[in-house]
A.B. asks: 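Please see the structure below; I have some questions.
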Amino acid sequence: MKLRSTRLIGILAAVCALANGGCRKTESSAPTPGASKKFAGKQLNIILANHPWSEALAPMLEDFKKTTGMELTISHYPEDQLSQKLQIGLTAGSNRADVFMLRPLQEARQFAENHWLADLLPHAQSDKDWNWSDFQEAARDTVTFDKAVYGVPVVTEREMVYYRKDLFDKAGLKPPATLEELKAAAAKLNDPANAVAGIVMRGQRAPSVTQFSSFLYSFGGDWIRDGKSLLDSPQALTAYKFYGGLLKNYGPQGALNMSWPQGLAVFQRGKAAMWIDADVFYPNLIDPAKSTVTTTVGFAPFPLGPAGAKNYNVTSWALGINESSPEKAGAAWEFVQWATSAPVVMALQQKGVPGARLSVWNSPDGLKGFPEAYAKVIQIQVARGVGHDRPRVIKVGAARDIVGEPVVTAIQGGDVEASVKKAHEQFNAFLLQDK
Amino acid sequence: MPTRRHPGTFFIVPAVVFVVAMVLFPVGYTAWLSLHEWSGSAVRSPRWVGIGNYAELLTQDPRFGYAVLRTFFFTAIAVPLEIVLGLAIALLISEKFRGQHLAKALILLPMVATPVAIGMAWLLILEPNIGPINTLLRSWHLPPQPFLGSGRQALLCLIAVDVWQWTPMMALILVAGLATLPGEPFEAARVDGAGPWQRFYHLTLPLLMPTIVTAMLLRSIEALKTFDIIYTMTRGGSDYSSETMNIYGYVQSFEYFALGKASSLLTVFFALVLGVSLILIEVRKRWGTAVA
């Protein structure tokens with residue numbers, strides 16, 4: 001059966017080739033721009049994260065397969081296992097993964113350093129219809145290093161404030177526009193007697209780094225300048241004290257063991273007045289099957305700090321191609337090009353997955369998938385912000401453990417100055433080695 | 001004689017091949033890699049650093065020393081607790097009573113559940129804000145606890161979960177041991193007027209000692225290597241307070257891409273586990289037999 005269909009596809013492919021791609025337009029109604037039968041019968045192994053992006057893409061894959069005649073073998077993994085799985089497979093020089101999702105800010109540089117990622121720049125330059133310049137500049141910047149493009153951005157995210165409209169109204173408060181107002185609101189709404197915290201955020205060492213980053217930038221700090229640690233700046237110290245202090249004084253119990261799943265759960269159950277984290281999590285808050293705050297949750301942009309509006313605005317996921325895949329310039333690129341084309345990104349964004357294409361963000365249709373209040377906030381934040389939410393180094397995991405330490409110290413109420421000083425020295429030593 | 005030896009050699013070939021491929025090769029490769037520095041690069045092969053990785057671990061890396069201590073602390077607290085509780089349960093369910101089979105089946109439940117699922121379930125139970133334990137504490141007007149979110153409590157919570165998970169296996173092994181004990185000494189003791197406590201202390205315990213020591217040996221090796229529940233529940237936190245050697249090895253390889261250093265850590269870990277096993281096997285030889 002399989003053999004027969006492959007042969008049939010082969011014949012179809014030959015016919016199409018003769019007709020010079022003429023059967024492309026008549027095939028399917030789902031978005032399959034640029035897809036042709038050129039690679040019919042080719043087999044692609046694709047490794048994806050369990051992520052709303054992959055879920056939204058799944059129903060479109062059938063049409064892609066029909067239109068192109070390619071065979072796709074797709075495996076899904078939770079994000080940590082995905083990284084581990086890729087590392088093992090790619091270390092072994094395996095070409096079993098042709099296309100995979102990766103986190104550009106977390107692992108892409110190390111992957112590129114290890115020659116696991118194909119440079120997509122030639123495609124980006126030659127494929128004019130696909131239009132690389134339609135991607136947000138920050139997003140393109142995130143996947144570009146040493147003049148090579150190591151992935152195509154598929155999901156973007158920004159830090160935002162989720163707050164409880166009912167609690168704010170009762171206290172006569174407006175959503176915080178500045179960091180000072182944020183602190184005042186957290187203090188006023190913190191209600192330990194009723195087990196409702198003023199604010200919940202990440203407190204685990206490495207996971208907290210990304211959410212702390214917007215605070216750092218908003219106070220005027222950053223991680224690195226000219227290859228040296230910037231953690232000894234007074235701005236960084238203020239930011240660490242501020243972030244840790246919020247959790248220490250107005251945070252929930254056990255904040256030190258919290259990453260986003262724990263913070264989300266606390267907020268979903270109505271046990272916190274505010275939650276600050278990435279904007280991709282909103283579907284979990286408005287889903288009545290998961291959340292008790294579906295109607296009371298409000299959305300606000302990340303508050304302004306002394307240095308202005310400096311929320312992070314990053315590409316959290318990209319699609320990369322394996323350097324040792326025999327299909328890297330052929331079928332693999334065909335798939336990536338399709339999955340990141342404007343019509344597909346539009347369709348995905350209408351299902352609530354924030355993408356990276358400007359034309360989609362600028363079109364009213366591109367905002368249809370989001371609740372109105374949320375869309376307003378996200379539109380403000382897409383247009384601004386900082387393109388990295390963690391130090392841009394090769395060994396990001398080790399760097400996060402170093403720069404996250406003062407967050408932990410601050411939450412515990414320890415000596416933040418000493419902790420920052422130590423982190424600064426360790427980070428400088430790390431940066432010397434990270435080459 | 002040689003004709004008889006020949007087929008014997010032939011039949012052990014598969015086992016030898018298996019051991020070489022699945023045990024000796026990985027261990028040997030890890031030992032080799034531990035003398036190198038490598039991030040997994042496809043173009044840059046591992047770079048020879050001699051004992052550099054070991055020197056770094058032992059002299060410059062405080063996280064490693066603490067991880068070793070925690071690994072042994074975890075095992076030294078968890079395993080004895082599991083033995084004592086397991087023995088108590090074994091004695092209880094060895095007595096005849098109604099619903100005995102049901103009780104046995106229920107007690108085995110923690111052991112048959114998958115460790116990651118156990119980790120997730122306990123993570124929820126111990127959640128400081130919405131978890132049932134703190135909800136209970138609050139309703140009794142007791143102060144809620146941070147549990148996994150506290151540097152002091154995290155490792156203890158993990159030990160408690162390990163005890164909950166593995167006590168049933170101890171009980172199971174000990175029930176089997178109890179069933180094989182000879183009946184005569186107990187009858188004789190009863191005739192001589194020995195009470196239940198005397199019978200337990202002078203008969204059951206010494207007769208059961210070989211089983212107890214074997215159970216301890218098996219469980220200790222496993223406990224030293226615990227990974228799944230720690231990874232799912234704390235990932236070594238809060239503030240490294242539950243980072244054992246296995247977790248630290250994982251962090252070095254999969255989060256820091258330091259495959260050489262991770263290999264040196266795992267080689268040390270392997271040597272330590274091997275050492276502990278040899279000591280326990282010696283203990284078993286001495287204490288595990290010929291008591292009765």
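Here is how names work: the chains are called A, B, and so on, in the same order as the sequence lines, proteins then strands, and each is numbered from 1. Just so it is clear, the structure is predicted and the values come from calculations on it, not from any experiment.
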A.B. asks: Strictly distance-based, threshold 3.5 Å: is any side-chain N or O of A:Gln84 a donor or acceptor partner for the main-chain N or O of B:Phe254?
C.D. replies: no
A.B. asks: Taking the basic N atoms (NZ, or NE/NH1/NH2) and the acidic carboxylate oxygens, is any pair closer than 4.0 Å for A:Glu113 and B:Arg44?
C.D. replies: yes
A.B. asks: Assess whether atom CZ of A:Phe145 is packed by more than 12 heavy atoms of other residues, nucleotides or ligands within 6.0 Å.
C.D. replies: yes
A.B. asks: Flag the one option from B:Val251, B:Leu124, B:Asp239, B:Leu126 with the top tally of heavy-atom pairs under 4.5 Å to chain A.
C.D. replies: B:Asp239
A.B. asks: Does a sphere of radius 6.0 Å around CZ in B:Phe270 hold more than 12 heavy atoms from other residues, nucleotides or ligands, not counting ones at 6.0 Å or beyond?
C.D. replies: no
A.B. asks: Could you please state which residues from residues 401-415 of chain A sit under 4.5 angstrom from chain B, measuring non-hydrogen atom to non-hydrogen atom, sorted by number, or 'none'?
C.D. replies: A:Asp401, A:Glu405, A:Val408, A:Gln412
A.B. asks: Using heavy-atom distances under 4.5 Å, tell me whether B:Tyr240 contacts chain A through its side chain, its backbone, both, or neither.
C.D. replies: both
A.B. asks: Mind telling me whether A:Trp116 and B:Phe257 have parallel, tilted or perpendicular rings, with 30° and 60° as the class edges?
C.D. replies: tilted
A.B. asks: With sequence neighbours left out, write down each residue that passes side chain to side chain donor-acceptor pair (under 3.5 Å) with B:Thr167, or none if nothing qualifies.
C.D. replies: none
A.B. asks: To the nearest 0.5 Å, tell me how far A:Gln87 CD sits from B:Ser253 OG.
C.D. replies: 8.0 Å
A.B. asks: Should we say atom CG of B:Leu274 is surrounded by more than 12 heavy atoms from elsewhere, each under 6.0 Å from it?
C.D. replies: yes
A.B. asks: For chain A, which candidate among B:Gly237, B:Ala154, B:Ser238, B:Ser39 shows the most heavy-atom pairs at distances under 4.5 Å?
C.D. replies: B:Ser39
A.B. asks: Give, as side chain, backbone, both or neither, the part of B:Leu123 having an atom under 4.5 angstrom from any heavy atom of chain A.
C.D. replies: side chain
A.B. asks: Among B:Arg235, B:Glu127, B:Met233, single out the residue with the greatest number of heavy-atom pairs under 4.5 Å to chain A.
C.D. replies: B:Arg235
A.B. asks: Quick check: are there more than 12 heavy atoms from other residues, nucleotides or ligands sitting under 6.0 Å from CE of B:Met120?
C.D. replies: no
A.B. asks: Are there residues of residues 132-151 of chain B whose heavy atoms fall under 4.5 Å of chain A's heavy atoms? If so, which?
C.D. replies: B:Arg138, B:Pro144, B:Gln145, B:Pro146, B:Leu148, B:Gly149
A.B. asks: Pick whichever of A:Lys395, A:His115, A:Gln110, A:Gln204 has the most heavy-atom pairs under 4.5 Å with chain B.
C.D. replies: A:Gln110
A.B. asks: Just checking A:Glu417: does its CD atom have more than 12 heavy atoms from other residues, nucleotides or ligands closer to it than 6.0 angstrom?
C.D. replies: no
A.B. asks: For chain B, find its close neighbours in residues 244-272 of chain A: heavy-atom separation under 4.5 Å, sorted by number, or none.
C.D. replies: A:Pro252, A:Gln253, A:Gly254, A:Leu256, A:Asn257, A:Met258, A:Gln262, A:Ala265, A:Val266, A:Arg269, A:Lys271
